[in-house]
Every structure is written in C-alpha cells, then in structure tokens.
Amino acid sequence: MTPDLECVDLVKRFDDTAAVNNVSFSVPPGSFFSILGPSGCGKTTIMRMIAGFLDPTSGDIRIKGGSVLDTPPNKRPVNMVFQHLALFPMMTIAENIGYGLRRRGMAKGEIGRKVDEALDRIGLPGIGARKVDELSGGQKQRVAIARCMVLEPDVLLLDEPLGALDLKLREHMKVELKALQAAFDTTFVYITHDQSEALVMSDQIAVMNAGQFEQVGTGQDLYYRPDTPFVAGFIGESNRWKGRIERAEGGNLQLRTDSGLAIRATGMGLSEGARAEIFVRPESIRLAASADALAEFDNQLTGTVTSLLFNGAASRVLVRDTAGETLEVTLPQSGEFASLKRGDAIHIGWGAGQASCFEAS
Amino acid sequence: MRNQSRITFYLLLTPLVLWLGLLIIIPHIDMLLISLRERISFGVYETSLSQYEKALTEPLYLRTFWRTAVMSVLATVITLLIAFPVAYYIAKMAKGRLQQVLFLLCLIPFYVSELVRTFGWMILLRETGLISSLLQWVGLADQPVELLYTDATMMVGLVYTSMLFMVVPLVTTLESLDDSVIEAGYDLGGSGFSVLREIIIPHAMPGIVSGCIVVFMLSLGNYLTPTMLGGKDSLWFTEMIYNQFIVRSNWELGAAFGFMLLVLSSVIVWGMLRLTGRTLKETMG
C-alpha cells in the first residue's frame, strides 16, 4: 500500500546549522503518527516543510506517492492545525469551517450542509453563528480540526495543538483527538514535546533529537526497547548511571557504576571494559520489606528511605543504598507501603532485563 | 480616603477640561456667533444667515468647498494604497533590526518642519529644479519643464505629508495579526488575494479607518501644501478661510467657512464609519 506521507532524506539547513538532518519516514494510510522531541529539535521545521511553508534544502516529500515539492501550500492535499489554532477571529464559526470550501468554489448550499455535518461530527451542532472568542479552549480545538477536515485532506498535520490547554482538558482532548482520528479515518501527523500525548494517541512515534530521528516505533517499543540512550532517557523517567562493563556474556552484562554499585543488565553489542550508560525505570524497581521477597531479581539492594515524593499515582520513594547511591523507586499504591516513612530500612530489587544498557558516547 | 481620590480625579481632569474648553469649545461658540451676524454699519451688527447664504451661492466658494472635499478624499485613498504595502512589509516581512530601521525611515522626514519639506519638493519640481534638468539632460524634454502648481503636484505633497499617519496605525494593527492566521489562510487553500481580502484587510480595518480619518482631516485642514505646491488654480478651502480672516478682515464670512469645514469633515468621517460598519468606539478604543 502506498504510504499517505513519505519523507525521503529530508534536510533543512539554516545557514550552517542543520535543523533537520537526513530524516526519512513513511506514514501508512489512516494511522496516527507522532514526532516527539524536545523543543528546538527540528520537529516544527519538518511539519512546516510538509505543509509547504518551508522548502527543504534537499530530499523529497511525497503524498500518496507523488512529490509535492513544487506544490504551493494552498494546493497541497495537507492541512494543518496550528499551535495556537489560528482560527480567523473576524469570521463566525461557520465561516471559519467553510473558508476552505469557499476557496474551492463550492456552491453556497453545499457549503452550509458540509459545515453543519462537520459541526455534528465534532459534537458541537448549532454553534455556527457564534464568534470565535465565545468558545472555550476545547471547543476551539475541535473547530480547528473540523475546519481542516471538511477539506478531506490526505494528511492532517497537528502542531502541538494541546499545548495551550489546561491539564484536565488536555487529558480529555487526548482521548477525543484519538476518537476524531478514528472517526475521520485520516492520517494524522502530530508533533509534540509531551511524551504522554504521543504515547496515548499514536500508532507510531518518531523520537527526534538534534535534527535526526533517534528511533521510530510504537509506544511500547520506545518504552520497553529503546534503541538509544536518548530515547531511554527521554521516554519515561529513569535512574541513570555511567559505568564500566566488567563481564559480558551474550546480552547479559555485569557492570560497575562509577560510584561503585554493581548492576546486572542487558544490552547488545557491548564488550568487556567498555564504558556504558545504564537506565533503570523507577516503576520497574520492586520495593520489599525483607530480602527474601526479592530472591527472583538479579539486582538486590538494601537501603534507607531518604525522602517520600507524594504525587498520587506517580508517587516516588528516594532510597539511599549502603554504598551511598540514591535511587528513585515508584511507590505502589496498593496500601502495602502506606506506613513507609523517612529513615525506614527497605529492600529493593529489579531484573537484569529491566536495566537497559548502552555504549556511552 | 474617598475625598482624596476625588481630588485626584478632578486634578487629573482639569487639564483636559481646560484644553477642551479654552481651545475648542469657547472659540467654536464664538465662531458660531460671529458667523451668524451681519455688519450693517460701523459697529452695528444684526443676527442673520446671510454669511452662509453668501458662501452657498457664490460659485467660487462652493466649487472650492467641494473640490477640497473631493481632493482630500482622493489624497486619503492614494495614501492608503501606498501606505498599506509599506506597512505590511514593515509589520510582517521585515524582521528585527530592519523593521526598526524602516519604521524610523518613515519617521525621519517628520524631523524637519513641514515648510522645509515642502520647499524640498519645490527644489525638485520647479522649472530649474532637479527633475526638470534631468529630463533635459536625458533628452526627454527640450526645454525646462514646470512641474509645480498643478493638482497632481499638490496631491503628491498631500500624500507625502500624510504618509506617516497612515503607516503608523496600519503597522500597529498588522503587527497584532498572528502570522499563523495568515498561514492558515494559505494552508486552507486561499490565494494571496483572498487571504488579503478575507483575513488581512478585515483584521486591519480598525487601523485603516483610524488612519483614513486622521489623513483625511489633515488633508482637509492642510494650508501650507496646497498654497505652496498648488498654485493659483488649486485653491484650497483653508486658503479661503485665511483670506477672509486675515486679508479681507471679513471675520463673519471666515467664521461661516470654518463652520462649513467642520460640518463637512464630521459628515465625511461619519460616512466613512458607516460605510465600513464600524463605530467610533471600536475604531478609537
């Protein structure tokens, strides 16, 4: 099947710096593709090149198999939901949604019908006559999407559209966006710096850093099987150390961190004596009151609780082990550790498979 | 506490009241009274509408009145047409330092007095001036060309004088238009023209209207430019007011002219607001 969107060796240079450096990817029809990266990584540049507001220095952009490099933005079968939505404040909601259809020279009656249909689709029937500033943030969001979707684009680009919303609404809109994408059955390309948005909504996520894609995969791939230290550090949270590999047998490694902690981990392509970075997620470390409960784990430590960081479901405990190393461990909310307090002795452990290891750069 | 804030309020209000009262309201009331009297003999006056009757029946007065109005509207339109691209470039296309420099360049001519600026035009355009010599040197003219003292020259002067007052409000409103709104216009299939018509101009409307009002009033009330560049055939209504007051000491007719000009500008500004569907409050606030 021809991908809806395909970028081939895309490069964009601004003076001497390469904002986008040799990026290639393809997005299959009807999927939700996210580009996730810290600000300044070049993801907005990619999006603006796809929309046609920037010309790539080299490389090709194909939509449904055909190159669009010579197509101006107003002729591309791509529409964009802007970061601040960019609804036209001088028009009513119906005029906003009908704008693209008017530009195509569609008959008035049909535009009216299509606009009503779109308003029904986004669950806001009958608001067509209102002004833009009479809507709430979430409603504007949906109108911005409807304004693009009435044009039935091959690809919808979304540039951090949830950034301006408050937390509660953002959580709600994540689910809603995913549902809208399924309802419209259109390819969405979504860029964000918020990993939770990407993880929740996407079929495929590309993690981007310094102008290049670090890894492309599903949310599970990125979370459980990161390819690079950047991905391991960027997706989710991690305890991270630098150390030296003392023994390597296939993928099983025995390391010693610079602070002297001995860790068993897994990682491919690393040999004895190499410098390495080790990542262990707080949620993959098990807390236990006694050492016996941790017999099954490759890594076992004893320590004291130095601090409790309460944050509802994401609460953490800081544990200082006997060697003086502090680790962040997720605090289970099953009630088992409800009485845990500062200074308590505690045992922690994790499997070698839960410790990802990469060659240090 | 309450008393104190009331005193502050009145203190702050005083300059405004003095300004309006002494410089605008009182002189205008006096002007109205002067325009409504007729001199019977030395020191003897009678209330009558004869001044207005004279102004409205004498063809020269009436023609100059309408000509001034039409030319001022024309000057406003031309200023808008020239200033809009300039303002758009400054507000949307120039970035950083260039933007500041361009804005300053618009302002620099206003560092010198209007008189000097108008002389500048005279130096360029007179028979022995730069442009005339240049045309002869190139061979496009075989004798000195007089470019001064025509309506076109006067129009050039009026547009030049008012430029800044159009550019400033336009730049301010255009700057407040988010770039992504323009991009969204293109992204959704708009052409350059339709984006301009449906998005940029509606957004810039407050700036356009307030710029037009200012430029129109400045042109209508301009005295120097029409007098110096316009020559004998291009009589301006302000010149006639001046003549009545100063040259002929006919204050009664001069006051009547003044009032006619006030009514004219009020009517045209009101018409402009009606035409664009805006209220004065929206435009100024």
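In the text below, chain A, chain B and the rest are named by the order of the sequence lines, each starting its count at 1. In this text the structure is predicted, and so the values were computed from the model without any measurement.
In this structure, CG in A/Leu101 is found 9.5 Å from CG in B/Leu188, a value given to the nearest 0.5 Å. Note that the CG atom of B/Asp187 and the CZ atom of A/Arg147 stand 8.5 Å from one another [nearest 0.5 Å]. The line from CZ of A/Phe88 to CG of B/Leu177 is 10.0 Å long, rounded to the nearest 0.5 Å. For the atom pair B/Asp179 CG and A/Phe53 CZ, the distance stands at 10.5 Å (nearest 0.5 Å). A distance of 8.0 Å separates CD in A/Glu95 from CD in B/Glu198, rounded to the nearest 0.5 Å.
Within 6.0 Å of the CG atom in A/Asp166, the count of heavy atoms belonging to other residues, nucleotides or ligands exceeds 12. Residue B/Lys95 qualifies as enclosed at atom NZ: its count of foreign heavy atoms under 6.0 Å is above 12.
Side-chain contact between A/His84 and B/Val181 is absent, with no heavy atoms from C-beta onward closer than 4.5 Å.
In this structure, B/His203 and A/Met90 approach most closely via the heavy-atom pair CB-CE, 3.6 Å. In terms of heavy-atom proximity, B/Ser180 sits nearest to A/Phe82 at CB-CD2, 3.6 Å.
The side chain to side chain contact (heavy atoms under 4.5 Å, CB included) search around B/Ser194 returns A/Tyr99, A/Arg103, B/Ser191, not counting sequence neighbours. Checked against ring pair (Phe, Tyr, Trp, His ring centres under 6.0 Å), B/Phe103 has no partners two or more places apart in sequence or in another chain.
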If you apply the rule side-chain contact (heavy atoms from CB on, under 4.5 Å), what do you find for A/Arg48 with B/Glu183, and how did you get there? CA-CA 10 Å; A/Arg48 293 178 65 80; B/Glu183 281 177 353; 2.5 Å; yes
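For A/Val78, the part lying under 4.5 angstrom from a heavy atom of chain B is the backbone only. At a 4.5 Å heavy-atom cutoff, A/Leu85 makes no contact with chain B through either its backbone or its side chain.
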